[in-house]
Number of protein chains: 2
Amino acid sequence: MVKITDVARHAGVSPSTVSYTLSGKRPISAETRARVEASIRELGYRPHAGARALASNKSNVLAMVVPLRAGINVPVVMQFAVSVMTTAREYDHDVLVLTQEEGEKGLRRVADTALVDALIVMDVQLHDPRLPLLRALDRPSVLIGFPADPAGLTCIDLDFKAAGELCVEHLAGLGHRVIGLIGSPPEVYVRQTAFAQRVVQGFTAAAARHGMSSTVHPCEATPAAARTVAERLLREQPALTGVVIHNEAILEPLIDAFEHLGLRVPTDLSLTALCPDDQAETLPVPVTSIAIPSREVGEQAVQLLMSKLDNTPVPSATLLRPSLTARASTAPRAV
Amino acid sequence: MVKITDVARHAGVSPSTVSYTLSGKRPISAETRARVEASIRELGYRPHAGARALASNKSNVLAMVVPLRAGINVPVVMQFAVSVMTTAREYDHDVLVLTQEEGEKGLRRVADTALVDALIVMDVQLHDPRLPLLRALDRPSVLIGFPADPAGLTCIDLDFKAAGELCVEHLAGLGHRVIGLIGSPPEVYVRQTAFAQRVVQGFTAAAARHGMSSTVHPCEATPAAARTVAERLLREQPALTGVVIHNEAILEPLIDAFEHLGLRVPTDLSLTALCPDDQAETLPVPVTSIAIPSREVGEQAVQLLMSKLDNTPVPSATLLRPSLTARASTAPRAV
DNA sequence: ATGAAAGCGCTAACAG
DNA sequence: CTGTTAGCGCTTTCAT
């Protein structure tokens, strides 16, 4: 293994000069830099991560907890995860993953052993058991999602309440009076997953404000469940003309289900969804939707973390404004 | 931060005794051990990961490359990933993730800096560009999947060729003579993803052997594509009575599509799939299937890696025998 | 069964 | 702008 002293000798400089050349933490003359870089390349030098971590007290590794459990939409979660990983690399960090099941023990372990410098936690519940730990830990963390009490934490997410409202307002503006929300799987609400709850809040509040008749239906992520919910919705609200869907996995099956029940989209029924843009665009009927900005959220989560590692103050709450893209699935109510 | 010398002082022993108590690498008297463990607990001692890695030349971290790109089934990939993470923890290792895009650079980086002790690579292509690197690296690796030339590598996977054959044989045994394979998205074959290719090989070879008429159709993972493929299949092979599906994401849409085309399952059409068991079981018509043993594969991949880290010799190839579970979607051909 | 002490490879004062 | 050197916290010989 080639080490920093080898490079130093080869370049005719001291080890610290090699170190500073690499880190840029002090000025190095152009010639020296060139010589050092040449030696590094020539010898194929790679600094030892453990030695670095020990000497600098920084591992350049972030921990990320990926929620992979019942009811969550794995592809969407992985969009966040990929964005986090990609952005972390831009800041010269790697990402260590923890499963949800590792829970607080896992977080504590990687933080206390200095395996990671900072932590990113997704799938936050309103009363998440990990919050006290995250507040107490000596390492910074960022939550993707808002718990009931975010005091002392740094959180970022799409403003899901506003998103729920925005969907309703779009439908209201088109003249719809009777609407329904088809939500995520029941487990998600049972666990009080923050973002799902907030969509319901926004949806319900906006519907009330507009004097609309509304109902909410959680729904398993299977085509069969989609059919069942569609039927039930029409049975309970025969005058239904607007639907908000917050369940990416069964968007297409739901549309199919409504059409098989004799409702044309958007002629008889206007649909709007919360889902990734690429999905909304590529459906047979492009769906009016509020994008889930996983790209931005993951990116900003890492940036927040980097600021905290730099001791740069960061906003405690970052709520991304939802933006609705009107597509072919919504239209004025037929009169 | 509490360090090993603090624990040593508190317990009235030397640092090396604390270290050996933790590692078990030399005998410690019961009393000493008890005293040390008490001190560790009392002081809340956690060994510093970087210091350990430097001194022992082991990071206790594995790298895992997760394939998240066009055409791959994210939930299935994550089943492997979770199994790897869970098993790694049982062996006291953590898992660092790399995206596919990091490619060889990423593998080289984490290996050369001693950030990780070993590597797991998924989504192997027949002529995978990473193979030379993996062969050359000074750290052990395990591939989940078989490249065209596995020489010098350690590979594990379900025997997908045998799986393809087994599906055909099951249908042949039921008297079917005209069959089709609905496969993964086209990109997967274009990239020459090993497992997908092997299913096709097994399917085609077995069909020929049994004198059956057969066709193969890649299919995008969308319900619309499912409908298109179903129609095409019936147009091209009107006498079709058996179908093998190797595309977990559109299993249910495909069944729907065939039923809407007037074919009852299994009365008119027998279906067999390669997919996770839980999915096969919970469909409206439980589907005869060969399980994708992600649990076992991930677990054994880690175990192979642990053996290699121990310098215990391991088999270069581990092919898991497929096993078919007959369910309600297959029946003897109507006469 | 335990201790003493020499590193592991790097960073960051400190010194010039 | 560069060199010298003292650790970082742990593991592991080498002693006893």
Side-chain angles (χ1 to χ4, degrees), chain A residues 1-37 39-40 43-61 92 109-117 138 309, chain B residues 1-37 39-40 43-61 92 109-117 138 309:
Chain A
M1 179 198 199
V2 29
K3 49 184 94 161
I4 200 167
T5 51
D6 300 326
V7 177
R9 193 176 326 111
H10 186 274
V13 299
S14 74
S16 59
T17 296
V18 178
S19 176
Y20 285 118
T21 302
L22 249 21
S23 70
K25 288 191 182 175
R26 82 181 187 188
I28 301 285
S29 75
E31 309 93 274
T32 305
R33 170 183 310 284
R35 216 140 30 82
V36 170
E37 281 166 354
S39 298
I40 289 177
L43 302 182
Y45 168 65
R46 296 290 202 157
H48 187 286
R52 263 195 163 164
L54 179 56
S56 68
N57 202 25
K58 285 175 185 333
S59 66
N60 274 36
V61 175
D92 196 31
R109 177 171 49 80
V110 298
D112 288 354
T113 61
L115 223 197
V116 306
D117 294 335
D138 51 339
L309 286 171
Chain B
M1 182 201 197
V2 29
K3 48 184 99 159
I4 200 167
T5 51
D6 299 327
V7 176
R9 194 176 324 111
H10 186 275
V13 299
S14 73
S16 58
T17 297
V18 177
S19 176
Y20 284 118
T21 302
L22 249 20
S23 70
K25 288 190 183 175
R26 83 181 185 189
I28 302 287
S29 75
E31 312 93 272
T32 305
R33 170 184 307 285
R35 219 143 25 84
V36 170
E37 281 167 354
S39 297
I40 289 178
L43 301 181
Y45 169 65
R46 297 288 203 156
H48 186 286
R52 258 190 170 173
L54 178 56
S56 69
N57 202 24
K58 284 176 186 335
S59 68
N60 273 36
V61 175
D92 197 31
R109 177 170 48 81
V110 297
D112 287 354
T113 60
L115 221 198
V116 307
D117 295 334
D138 50 339
L309 285 172

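Naming: A, B, ... by sequence-line order, numbering from 1 per chain.
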What is the separation between atom [atom1] on [X] and atom [atom2] on [N], rounded to the nearest whole Å?
| X | N | atom1 | atom2 | answer |
| --- | --- | --- | --- | --- |
| A:Leu54 | C:dG7 | CG | C1' | 12 Å |
| A:Met1 | C:dG9 | CE | C1' | 7 Å |
| A:Leu43 | C:dG9 | CG | P | 15 Å |

Those residues of residues 44-52 of chain B lying under 4.0 Å from DNA chain D by at least one heavy atom: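 DNA chain D contact set from residues 44-52 of chain B: B:Tyr45, B:Arg46, B:Pro47, B:His48, B:Ala51, B:Arg52.
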Covered region of DNA chain D, 5' end to 3' end, by chain B [heavy atoms, under 4.0 Å]: D:dG9 to D:dC14
So does [Y] get a backbone contact from the side chain of [X], meaning a donor-acceptor N/O pair under 3.5 Å?
| X | Y | answer |
| --- | --- | --- |
| B:Asn60 | B:Asp92 | yes |
| B:Thr21 | B:Arg33 | no |
| B:Ser56 | B:Arg52 | yes |

Rounded distance [0.5 Å steps], CG in A:Asp112 versus CG in A:Asp138: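 Spacing of CG (A:Asp112) from CG (A:Asp138) equals 6.5 Å.
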Interatomic spacing from CG in B:Leu309 to NZ in B:Lys58 - rounded to 0.5 Å: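 Separation between the atoms: 6.5 Å.
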Sugar-phosphate, base or nothing in reach of A:Val18, heavy atoms under 4.0 Å: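 Contact class for A:Val18: none.
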Considering all heavy atoms, the nearest A:Ile4-A:Pro15 contact: CD1-O, 3.6 Å
Non-hydrogen side-chain atoms of B:Thr17 and B:Ser14 separated by less than 4.5 Å: yes
Close side-chain approach of B:Leu115 and B:Val61, heavy atoms under 4.5 Å: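 Result no, sub-4.5 Å side-chain heavy-atom pair not found.
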Please write out each protein N/O paired with an N/O of nucleotides 12-16 of chain C under 3.5 Å, distance rounded to 0.1 Å.
from, atom 1, to, atom 2, distance (Å)
C:dA12, OP2, A:Lys25, NZ, 3.2
C:dA12, N7, A:Tyr20, OH, 3.3
C:dA13, N7, A:Tyr20, OH, 3.4

A:Asp6 with A:Arg9: basic N within carboxylate O range, under 4.0 Å: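 Salt bridge: yes.
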A:Arg109/B:Arg46 under side chain to side chain contact (heavy atoms under 4.5 Å, CB included): CA gap, chis, key distance, verdict: CA-CA 8 Å; A:Arg109 177 171 49 80; B:Arg46 297 288 203 156; 4.3 Å; yes
